[in-house]
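Every number for a ligand or one of its atoms is a count from 1 in the order of the listing. Please read all numbers here as calculations on a predicted model, not as lab measurements. We count residues from 1, following the sequence as given.
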Amino acid sequence: MEANANNIWSNCLIFIKDNIQSQAYKTWFEPIVPVKIFENSLSIQVPSKFFYEWLEEHYVKILKIALIKELGKDARLVYVIKMENTFGNKTPFTESIPSSNQVGINPQDVDAPLKTYSNELKNPFVIPGIRNLQIESQLNPNYNFENFLEGDSNRLARSAGLAVSNKPGGTSFNPLMVFGGVGLGKTHLAHAIGVDIKEKYPEKTVLYISAEKFTQQYIESVKKNTRNDFIHFYQIIDVLIIDDVQFLSGKSGTQDVFFHIFNHLHQNGKQVIITSDKAPVDMQDIEQRLLSRFKWGLSAELQLPDLETRISILKNKLYRDGVTIGENIIEFVAKNIKTNVRELEGAIISLIAQSSFNRVEIDLELAKEIVNKFVKNTKREVSIDYIQKVVSEYFQMDISTLQSKTRKRHIVQARQLAMYFAKKFTKASLASIGSQIGKRDHATVLHACKTVDNLSFTDKQFRKYVEDLNQKLSI
Ligand code: ADP
Ligand code: MG
């Protein structure tokens, strides 16, 4: 039988490898060992419980698809966990856990085929007697106030959130708008408010929905001619949480319908909670009347957490995962990763993963290696606008000059440098770089990249430009 399990698993791996990033594949799939196959169920051995949880949280969907392809729609997955701390033992303890194919823990996984339970938003459009309808909140209980650590960076937003959850609809924080950059805790806080309200007021209908999903539902309802039902469904909700509202930018139909729903809820003393990656004043392509509604309540910003808060977030996370890591390592990670909390967590998780499957201790060396990768990755996230700004400042010209049609040598060179760095530091295509830097075509950008390469070999002064700019853009 063993060969069979191997075959099936290696077919699954081919599919998985094709569909996820190679680093993730290496980290999470290479260490897995297929154990046996019995009827429709494949057992795989994973290095630790943490590893199992991670797979379930992030890769259950792709695992299912791969398994169904191999074993048919009744496929099952069983994890066998090699218990940690069994280094000296000849036969490691093992523990089997059936995959969430049966138990289901991932709320993002609502349309996964194998799941026997459903937390899908009950379809509001076909069921009559809508007032008796139980609406699933779509809340993630793992995002709660208890594990949303407080710091200067989030104090206002967090306390406003608590105030709202004590008296939904009954404070002047309506709507409550939480805004801030990626990975700073908007989604976490939004869920926490909902979870807390559900605990204090079980009878209240709470709904968490991303603006993206809201938009999809709306479009669907228009297609099916059920726009009124859609509106009606949202109007009976007591606490509506809309995540990443900036997604509505430029979508005037959805904005319109949201405006009506918002007004109705607000007039009836219902609570609305909104998150966005920008402050209301900076939102683009959102209708003025909607923006002015957002400003009725309170806008609270989530800022970058300071070092102290970063350390406590890490410690708390490790504590919850039951992992102990030296103080100096925690501090090292927290000191070096400042951009956002998601990356902070990502770094520590990679660290644990690396050490757990390589069976090496987490030491400062390993921490440095991993943090380096993270920091490098984040450096790459500069925008083309930013590159143009840095380059034109460096050559003391306006961006419009840099983009102009002129053939003056120093301007052409500046423009070529901007293109070169856009290629180097962003994921944009040649065509898109060209169109953003003075409306050129992709061939021009390609030519620019080659020219910069050549000149930095042959021209010492030019090489200095490249080095200077590279340094400015890498910070
Ligand atoms: P956003 O929605 O702003 O992009 P998320 O809410 O998804 O960010 O947060 C990213 C990660 O950081 C999540 O895992 C979240 O639990 C964690 N996080 C953010 N802020 C905090 C905090 N104050 N305390 C604990 N964890 C946090
Ligand atoms: Mg989010």
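The residue from Ile313, Ile349, Thr275, Val341 that puts a heavy atom closest to atom 22 (C) of ligand 1 is Ile313. Residue nearest to atom 9 (O) of ligand 1, selected from Gly185, Ala192, Ser276: Gly185 (by heavy-atom distance). Relative to atom 2 (O) of ligand 1, the option among Thr187, Asp243, Leu302 with the closest non-hydrogen atom is Thr187. Counting heavy atoms only, Arg342 comes closest to atom 7 (O) of ligand 1 of the residues His188, Arg342, Glu150.
For atom 13 (C) of ligand 1, the closest non-hydrogen atom on the protein side is Glu345 OE1, 3.7 Å. Protein heavy atom in closest approach to atom 23 (N) of ligand 1: Leu149 O, 2.9 Å.
Taking CG of Leu77 as the start and CD1 of Ile68 as the end, the distance is 11.0 Å to the nearest 0.5 Å.
By the 3.5 Å distance cut-off applied to N or O atoms, Leu184 is counted among the residues near ligand 1.
Listed by number with element, the atoms of ligand 1 under 4.0 Å from a non-hydrogen atom of Asn154 are 23 (N). Those atoms of ligand 1 with a heavy atom of Val182 less than 4.0 angstrom away are 4 (O).
Within 6.0 Å of atom CD in Gln216, more than 12 heavy atoms from other residues, nucleotides or ligands are found, so the atom counts as buried in its surroundings.
Residues Lys472 and Tyr394 have side chains in contact (heavy-atom distance under 4.5 Å, counting atoms from C-beta outward).
Ligand 1 lies less than 4.0 angstrom from a heavy atom belonging to Gly183. Within the 4.0 Å heavy-atom cutoff, Gly181 counts among the residues contacting ligand 1.
Put simply, the side chain of Asn174 gets close to the backbone of Lys270: a donor and an acceptor are under 3.5 Å apart.
None of the N, O or S atoms belonging to Thr275 lies under 2.8 Å away from the Mg ion (ligand 2).
Contact annotation: for Lys317 versus ligand 1, there are no heavy atoms closer than 4.0 Å. By the criterion of a heavy-atom distance under 4.0 Å, the backbone of Asn147, and not its side chain, is placed next to ligand 1.
Remark: Lys335 engages Glu331 in a salt bridge, criterion side-chain N to carboxylate O under 4.0 Å. Under a 4.0 Å N-O distance rule, the pair Lys213/Asp244 does not qualify as a salt bridge.
Counting all heavy atoms, side chain and backbone alike, Leu63 lies closest to Ile16 at CD2-CD1, 4.0 Å.
Not less than 6.0 angstrom separates the ring centroid of Tyr143 from the ring centroid of Phe148.
Between Tyr234 and Phe214, the two ring planes are perpendicular [angle over 60°; tilted spans 30° to 60°].
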